[in-house]
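Numbers restart at 1 for each chain; the letters A, B, ... are given by sequence-line order, proteins then strands.
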Number of protein chains: 2
Amino acid sequence: MVDASVSTRGRRPDAAPSGDGLVPQRDAGRTRTEILDIATREFADRGYNGARVDEIATKTRTTKRMIYYYFGSKEQLYIAVLERVYLQIRTAEQTLDVDGLDPVDAIRRIAELTFDHHQSHPDFIRLVSIENINRAEHMAKSPTFPGQNASVVSLIEQILARGREQGRFARQVDALDVHMLISSYCVFRVANRHTFNTIFGRDLADPALRDRYRAMLGDLVVAYLTELDDDP
Amino acid sequence: MVDASVSTRGRRPDAAPSGDGLVPQRDAGRTRTEILDIATREFADRGYNGARVDEIATKTRTTKRMIYYYFGSKEQLYIAVLERVYLQIRTAEQTLDVDGLDPVDAIRRIAELTFDHHQSHPDFIRLVSIENINRAEHMAKSPTFPGQNASVVSLIEQILARGREQGRFARQVDALDVHMLISSYCVFRVANRHTFNTIFGRDLADPALRDRYRAMLGDLVVAYLTELDDDP
DNA sequence: GTGCCAATGTACGATCTAGTTAGTTACTTA
DNA sequence: TAAGTAACTAACTAGATCGTACATTGGCAC
């Protein structure tokens, strides 16, 4: 099996192609990326078992042979797809800057980032669902995943601490639970859109309802964090 | 080499003792139910595409031919499985009796019923995820589903109305949104258990954490419904 | 320009899988 | 008790699907 990230031997460094200015006919990086793009769509669309290697190959400008040349197997291709979509949300989360914000606004900001990301990346949500159906067994074969997303959680942790100090957050809660709460709301809207719509006749992911559900999430999280326990 | 004159076709391999009058050798209802039971497990376990008709047949006391005899196709078997698991939760929801309860307790009760049902029926949750991966296209072929679950929603609606009358619920919310909120929380814990555990090292569906997450859900819903909007 | 090899293409095969064909028998009922 | 039929079984098929053996070529190093 070939790892394209170290297979650039003999390739021109990224500079202009050999004088004639044409796009080179052979380009490992480009071919590999194109396979990944198509595979992401196909796996997200049809699931791991439903996706067809032949179909992915056909939709690429290259052939099935190249999939096995670069990725080795259907499963390893799928794992590469998973790694890439998770990298995307991790990257998005790292753009967050809530240092100057009030704790209430900061937690709203985080919730809204998750909301917006999931709404605009249904493929990611589908791949996560697919991976859960497979009990995360493919994910387990990659060293990339364990503990990788800790950054958002520690950000939430900081905000909760600030909120408590300032007397804004009355309730004692765990940061990972807050993340779970936000995720569950944002994931459900996209992941369970189809059965929900069939049964209740409401399309949760309808863009027309977006602002309403976005506001509801913020209200929900803030209400939970600020309200005092009402035990008599 | 097979001698056609002594063909074994159609003969039961382990010719069971007949005529003992206790358990009939042939029983359409029992066979059908057994196929459905095994199929539910297999589809929930491996997904629609991942499940194998041959495997389902092998795990049954009967043969693959019977699956086609009773259900016609893999897809129709799957639809029958779906119909049955949805019937179960509908039935559970109908046992709810919250007439005598305070609105706050009543809404907690509904949330906890959903929580408990989903925790104890992971196959149902998996089948729902699988169906969403398939964009609810199989569900759409059954007349059973559209609008069927309206009963919980109208129950929530009644409770919300009572709560507003009594001044307990400050916020103006839609009953279906409350149902969505409860479902998203309860579904996520079970459906996304594996990826969440892989990435964050916490098993949301761990029985040891059950009471904590059950209480959190109630607190969450109540906080959201009772808290006033905090716009200045 | 020539040698080399990464990158690519073609064609095929072993296996799996949904569904079918053909045949058998337990049970009911008249 | 005879006959009809619902319930049942074994063996097969057509087509799909992952993966591979083998052939080929573009472009860089020298």
Asker: Nearest-Å distance, CZ (B/F71) to C1' (D/dA7)?
Answerer: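 Going from CZ in B/F71 over to C1' in D/dA7 covers 14 Å.
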
Asker: Within less than 4.0 Å of OP1 or OP2 of D/dA10, is there a side-chain N or O belonging to B/T63?
Answerer: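 For D/dA10, neither OP1 nor OP2 has a side-chain N or O of B/T63 closer than 4.0 Å.
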
Asker: Check the distance between D/dT25's P and A/M66's CE and give it to me in whole angstrom.
Answerer: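 Interatomic distance, CE of A/M66 to P of D/dT25: 15 Å.
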
Asker: Look at all strands and tell whether B/Y70 reaches a base, only sugar-phosphate, or nothing, counting heavy atoms closer than 4.0 Å.
Answerer: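 Contact class for B/Y70: sugar-phosphate only.
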
Asker: Below 3.5 Å between N/O atoms, which protein atoms pair up with nucleotides 11-16 of chain C? Just atom names and distances, please.
Answerer:
none

Asker: Rounded to whole angstroms, how far apart are CZ on A/R30 and P on D/dG27?
Answerer: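 One finds 10 Å between P of D/dG27 and CZ of A/R30, rounded.
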
Asker: How about A/I35 and A/T62: do any of their side-chain heavy atoms sit closer than 4.5 Å?
Answerer: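 A/I35 reaches A/T62 side chain to side chain.
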
Asker: In whole Å, what is the span from the CD1 atom of A/I67 to the P atom of C/dA7?
Answerer: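 One finds 16 Å between P of C/dA7 and CD1 of A/I67, rounded.
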
Asker: Just to be sure I understand the geometry, which residues of residues 73-83 of chain B put a non-hydrogen atom under 4.0 Å away from DNA chain C?
Answerer: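 Per residue number, the list reads B/S73, B/K74.
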
Asker: Return the set of residues passing ring pair (Phe, Tyr, Trp, His ring centres under 6.0 Å) with A/H194 (not counting sequence neighbours), or none when no residue passes.
Answerer: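 So A/H194 forms no ring pair (Phe, Tyr, Trp, His ring centres under 6.0 Å) with any residue.
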
Asker: Please determine if a side-chain N or O atom of A/T31 lies less than 4.0 Å away from the OP1 or OP2 oxygen of C/dT8.
Answerer: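 It does, given that an N or O in the side chain of A/T31 lies less than 4.0 Å from OP1 or OP2 of C/dT8.
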
Asker: Would B/D45 and B/R126 pass as an ion pair if we require N to O under 4.0 Å?
Answerer: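 A salt bridge is absent here (no side-chain N lies under 4.0 Å from a carboxylate O).
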
Asker: Find out whether A/H118 and A/R189 are in side-chain contact, i.e. whether some heavy atom of one side chain is under 4.5 Å from a heavy atom of the other.
Answerer: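 Sidechains of A/R189 and A/H118: no contact.
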
Asker: May I ask you to say what B/A51 touches in the nucleic acid, namely base, sugar-phosphate or nothing, with a heavy-atom cut-off under 4.0 Å?
Answerer: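 Counting heavy atoms under 4.0 Å across all strands, the contact made by B/A51 is with sugar-phosphate only.
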
Asker: With a 6.0 Å cut-off on ring centres, are A/F115 and A/Y213 close enough?
Answerer: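 Here the rings of A/Y213 and A/F115 have centres that are no less than 6.0 Å from each other.
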
Asker: Check the distance between C/dG9's P and A/Y68's OH and give it to me in whole angstrom.
Answerer: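 Rounded to whole Å, this separation is 16 Å.
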
Asker: Tell me if the centroids of the rings in B/Y185 and A/Y185 come within less than 6.0 Å of each other.
Answerer: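 Ring-ring flag for B/Y185/A/Y185: false, centres at least 6.0 Å apart.
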
Asker: In whole angstrom, give the distance that lies between atom OH of A/Y69 and atom C1' of D/dA21.
Answerer: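 Spelled out: OH on A/Y69 to C1' on D/dA21 is 16 Å.
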
Asker: Expressed in angstrom and rounded to an integer, what is the separation of B/N49 atom CG from C/dA18 atom P?
Answerer: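 So the CG-P distance, B/N49 to C/dA18, works out to 9 Å.
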
Asker: State whether a side-chain donor-acceptor pair under 3.5 Å links B/S142 with B/T144.
Answerer: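 Short answer, yes.
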
Asker: In plain terms, say whether A/R212 and A/D206 are close enough for a salt bridge, that is, a side-chain N and a carboxylate O under 4.0 Å apart.
Answerer: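 Salt bridge between A/R212 and A/D206, a charged N being under 4.0 Å from a carboxylate O: no.
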
Asker: Would the B/F188 and A/F188 ring centres measure less than 6.0 Å apart?
Answerer: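 When the ring centroids of B/F188 and A/F188 are compared, they turn out to be at least 6.0 Å apart.
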
